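Structure first, commentary second.
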Amino acid sequence: MPATTTYLAYDLGASSGRSVIGLFDGNRITLQETHRFPNSGVAVGENLYWDILSLFDHMCQGLRKTVSEHGPDLMGIGVDTWGVDYGLLDAADELLGNPRCYRDPRTQGLMDVAFETVPREEIFEQTGIQFMELNTLYQLLSMARQQAPQLQMAKTFLTMPDLFNFWFTGQKVCEFSNATTTQFFNPRQQTWALDLLHRLNIPTDMLPEIVPPGTVLGPLRTSLAE
């Protein structure tokens, strides 16, 4: 192991993103920002999307800058983003459209619609998190009520950091802390709240395995490593 180990972290928020290198000499960590880039929703008609491919391109730029400045011996890469939003993949692992931004108006009034089928108290009993219209549960409920073709075609659901992790590694899993932001994770059973989703006619066969924070997913895709 080299005297100083090198790690790369991606920190993506709702208005900006950055890549940060962490150098650990055995006693202390030194942090250095290597790339910063803007992030904002893109309005198309009445809908608001994330420019997800641009974000990933910036993350790759951050990776290239890190390797250029600090060498190729990265010990690990980690991704942190905002919660609740997600991407859907088809059977060929292709992204089904640009992910919607949580500020998109499609979830307005849908909490009350959900309560008509599953009482508010029961949703809280199963999930234990704050009620907000932007939660993933109501985003998927909107798609289900509209019989959205993307939802019908979806084979894999991935939260935002998990989508980036998939593009980096090819591994499709959902990290625990992001799963809890969906409002369909059951903390007692430590798995997806499948009964809740079934009652709201939201498909569940697209949900991946939930893994603990810090789980090593595997090496970078060969194309990225090269």
Side-chain angles (χ1 to χ4, degrees), residues 1-43 48-89 93-95 97-103 136 156-181 208 210-226:
M1 180 177 293
T4 300
T5 52
T6 306
Y7 300 88
L8 176 62
Y10 292 104
D11 174 27
L12 277 71
S15 61
S16 67
R18 59 180 180 160
S19 59
V20 178
I21 196 72
L23 303 171
F24 182 59
D25 64 6
N27 294 304
R28 62 181 298 176
I29 298 174
T30 302
L31 301 179
Q32 176 186 336
E33 183 179 293
T34 58
H35 185 56
R36 178 177 286 269
F37 47 94
N39 183 28
S40 61
V42 179
L48 193 62
Y49 300 89
W50 294 114
D51 191 352
I52 193 72
L53 297 182
S54 177
L55 292 177
F56 185 65
D57 181 60
H58 275 292
M59 295 169 81
C60 291
Q61 291 181 47
L63 177 60
R64 286 192 292 269
K65 288 181 179 180
T66 297
V67 172
S68 175
E69 295 172 10
H70 297 278
D73 295 325
L74 288 175
M75 297 297 293
I77 297 174
V79 179
D80 172 67
T81 80
W82 66 96
V84 307
D85 292 337
Y86 58 92
L88 299 175
L89 304 180
D93 290 335
E94 295 287 340
L95 183 65
N98 285 312
R100 294 281 188 95
C101 175
Y102 61 83
R103 297 189 181 100
T136 321
T156 308
F157 163 94
L158 294 174
T159 67
M160 297 305 288
D162 300 311
L163 178 59
F164 292 127
N165 283 335
F166 167 65
W167 283 343
F168 276 123
T169 69
Q171 300 301 311
K172 293 178 288 185
V173 296
C174 186
E175 187 269 332
F176 166 81
S177 66
N178 263 272
T180 66
T181 73
I210 300 170
V211 299
T215 296
V216 176
L217 300 182
L220 280 176
R221 293 176 184 263
T222 303
S223 57
L224 284 175
E226 290 175 349

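Quick caveat, the model's predicted, so the values are computed rather than measured. Values below: all heavy atoms of this structure, side chains included; hydrogens, waters and symmetry mates excluded.
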Return the minimal non-hydrogen interatomic distance between Ser19 and Thr34, and the atom names on each side.
-> OG-OG1, 2.6 Å

Which residue pairs satisfy the side chain to side chain donor-acceptor pair (under 3.5 Å) criterion with at least one member in residues 50-60, sequence neighbours excluded?
-> His35-His58, Trp50-Asp85, Asp57-Gln61

Could you tabulate the donor-acceptor pairs under 3.5 Å formed by side-chain atoms of residues 168-176, not counting sequence neighbours?
from   : atom 1 : to     : atom 2 : distance (Å)
Thr169 : OG1    : Asn165 : O      : 2.8
Thr169 : OG1    : Gln171 : N      : 3.1
Lys172 : NZ     : Asp93  : OD1    : 2.7
Lys172 : NZ     : Asp93  : OD2    : 3.4
Glu175 : OE1    : Ser177 : N      : 3.3
Glu175 : OE1    : Ser177 : OG     : 2.6
Glu175 : OE1    : Asn178 : N      : 3.2
Glu175 : OE2    : Ser177 : N      : 3.1
Glu175 : OE2    : Ser177 : OG     : 2.8

Does the side chain of Thr181 reach to within under 4.5 Å of the side chain of Thr159, using non-hydrogen atoms?
-> no

Considering non-hydrogen atoms only, spot the tightest contact between Leu55 and Pro38 and give its length.
-> CD2-O, 4.1 Å

List the atom of Leu48, the atom of Gly41, and the distance in Å for their closest heavy-atom pair.
-> CD1-C, 3.6 Å

Under 4.5 Å between any side-chain heavy atoms of Ile77 and Tyr10, yes or no?
-> yes

Please name the pair of heavy atoms, one in Thr136 and one in Val84, separated by the smallest distance, quoted to 0.1 Å.
-> OG1-O, 2.6 Å

Side chains of Phe157 and Leu88: closer than 4.5 Å at any heavy-atom pair?
-> yes

For the atom pair CG (Asp162) and OG1 (Thr81), what is the distance rounded to the nearest 0.5 Å?
-> 8.0 Å

At their closest point, which heavy atom of Leu158 faces which heavy atom of Pro208, and how far apart are they?
-> CD2-CG, 4.1 Å

From Arg18 CZ over to Asp80 CG, what is the distance, rounded to the nearest 0.5 angstrom?
-> 10.0 Å

Would a 4.5 Å heavy-atom cut-off, applied to side chains only, mark Leu12 and Met160 as touching?
-> no

Is any side-chain heavy atom of Phe166 closer than 4.5 Å to a side-chain heavy atom of Leu217?
-> no

Report yes if the side chains of Ile21 and Glu69 come closer than 4.5 Å at any heavy-atom pair, otherwise no.
-> no

State, with a plain yes or no, whether a side-chain heavy atom of Trp167 is found less than 4.5 Å away from one of Leu53.
-> yes

Do Leu63 and Leu220 come close enough that some side-chain heavy atom pair is under 4.5 Å?
-> yes

Value for CG (Leu8) from CE (Met59), rounded to nearest 0.5 Å, stands at 8.5 Å

Who are the side chain to side chain donor-acceptor pair (under 3.5 Å) partners of Arg103, not counting sequence neighbours?
-> none

